[in-house]
Amino acid sequence: MFSKETYIARREQLRRDVGKGIIIIPGNHEAPCNYRDNTYWFRQDSTFLYFFGLQREDMVGVLDCESGKDYLFADDYDIEDIVWTGPLPSVGELAASVGVEHSGSMKELGAFIASHCGRGMMPAYIAPYRADTRADLAEWLGLRPSQVDRYASLPLVKACVGQRSIKSDEEVAEIEKAIATAYQMHVGAMRLAQPGRYEYELAGFMEGEARKGNGPVSFPVIMTVHGETLHNHGHSGRLEVGRMLVMDAGCETAMNYCSDITRSVPVGGRFDSRQRAIYEIVLAANLEAARLARPGITYQEVHTAASRVLAEGYKGLGILHGAVDDIVAAGAHSLLMPHGLGHMMGLDVHDMENYGQVYVGYDEETRPSSQFGLGSLRCGRKLQAGFVVTDEPGCYFIPALIDKWRAEGKHADFVDYDELEKWKDFGGIRIEDDLLITPDGARVLGKPIPKTVEEIEETMAI
Ligand code: GLY
Ligand code: MN
Ligand code: MN
């Protein structure tokens, strides 16, 4: 945990920003896997973590904007629990550890909400993403579960986004800790990427490295020789020379700050000429994005600039024709990159995505695009110093999509479908780094993870 002063200051800011009424911030419950006592690993809710920092399950934080008081509600464990869990701090002790002076039981939470709400007064809360939290809110507020989202608070969302988007130095240090572990995950997996191995062996190695760094992975590892399937979570593939292996994986620290890194390597450690050609194009787009990212530019503009680099490269290979600006304006290049350049990252790997992407990645000035590809950009808004965003261009030859566009004659002015036929068995490549926006540019966070063709071949040769 950070010092209690950090959490006190965050809550004070939140009360000021929301301004009136009470704010309810539920922590998460344990989530059963196949029966009640066999649970998935516990993941605290990120909003609760940000404002209360505590890892215990079944807790609820409340901020009273009228009195300026903060509260922590939960039931103390009794001896029936303690024989299984060992001694644990009381709710009052946990509250004090993060600067909260008032604590109470869950029964007292019910009474507190009843006395502060009702007669048209709703507490501010975030729309829940878990069914059990929805059921709790429904019970506390006298709503049906289906009504809970409707009364969620947009001012609270905006206040949380406002604070969490700007990472403090101590948050950046945590993220860099997560990237240090990701370095071990990726460099180790590169060296294992030899023919005859299976994707699950490398995915398992990565999960082990994440655990050695004292956290879980930040999302299910993507480890695939079919990188053209964007979020391929299957791990049954056998590694063969001639395939590119896409490794998209990160971890969380013990405080749940994340990393999200992608490296793509040739099985066996030597790029062939086709692999090198595509790799250099994607790398140039990744570097261009890092060069351009700075306060004042929108990430939509950076996405578009990176797209121009990709389109220029595909023109050089004879896959696309025409003026680069026209290709990108029409979205023809998105056939080979149907996703956005990046997203915010912090306590969530897609930071704050539960608040609603339009409130996190966009604002009144920058609205989401409806164009294929650009429309999947999770963060498009103007960058500010302190943002942490991913820079993750890619190139994917998706046979089903190529066939569909070809049959429709889509962007036939720009796309050479005959040439593209020769690439349909290629797979995919993605390169992803985590960027901190600084006052005058952007810094790739963490110790550099091998990224150029030469660095990757050298690393895999050891
Ligand atoms: N891990 C999915 C992503 O890079 O956003
Ligand atoms: Mn990723
Ligand atoms: Mn990412």
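Quick note: numbers below take in every heavy atom, side chains included, and nothing from hydrogens, waters or symmetry partners. Whatever order the structure lists ligands and atoms in, that order sets their numbers, starting from 1.
The closest approach of Asp260 to the Mn ion (ligand 3), by N/O/S atoms, is made by OD2. Nearest N/O/S atom of Glu432 with respect to the Mn ion (ligand 3) is recorded as OE2. Of all the N, O or S atoms in Glu392, the one closest to the Mn ion (ligand 3) is OE2.
Closest to atom 5 (O) of ligand 1 among all protein heavy atoms lies His350 NE2, 2.7 Å. The nearest protein atom to atom 3 (C) of ligand 1, hydrogens excluded, is given as Asp260 OD2, 3.5 Å; this is a heavy-atom distance.
The cationic group of Arg378 does not satisfy the cation-pi geometry with Tyr299, failing either the under 6.0 Å distance to the six-membered ring centre or the 45° limit from the ring axis.
The backbone N or O of Cys251 lies less than 3.5 Å from a partner atom in the side chain of Ser259, making a donor-acceptor pair. Side chain of Glu252 to main chain of Ala178: no donor-acceptor pair is present (N/O by atom type, distance under 3.5 Å, no hydrogens or angles). For Tyr129 (side chain) and Glu353 (main-chain N/O), no donor-acceptor pair under 3.5 Å exists by modelled atom type. A donor-acceptor pair under 3.5 Å is absent between the side-chain atoms of Arg430 and the main chain of Asp248, judged by distance alone.
Listed by atom number, the atoms of ligand 1 under 4.0 Å from Glu432 heavy atoms are 4 (O).
Look at His350 and the Mn ion (ligand 3): no N/O/S atom of the residue is under 2.8 Å from the metal. For residue Asp248, no N/O/S atom approaches the Mn ion (ligand 3) to within less than 2.8 Å.
Taking only nitrogen or oxygen atoms, main chain and side chain alike, Glu392 reaches within less than 3.5 Å of ligand 1. Residue His343 has at least one nitrogen or oxygen atom sitting less than 3.5 Å from a nitrogen or oxygen atom of ligand 1, judged on distance alone.
Test Asp433, Ile175, Asp351, Val349 against Asp260 for side chain to side chain contact (heavy atoms under 4.5 Å, CB included) and you get one pass: Val349.
In this structure, the side chains of Tyr151 and Leu137 stay at 4.5 Å or more apart for every pair of heavy atoms.
Contacts between Thr390 and ligand 1 below 4.0 angstrom, taking non-hydrogen atoms only, are absent altogether.
Under the 4.0 Å criterion applied to side-chain N and carboxylate O atoms, Asp348 and Arg164 are assigned as salt-bridge partners.
No heavy atom of Arg378 sits closer than 4.0 Å to any atom of ligand 1.
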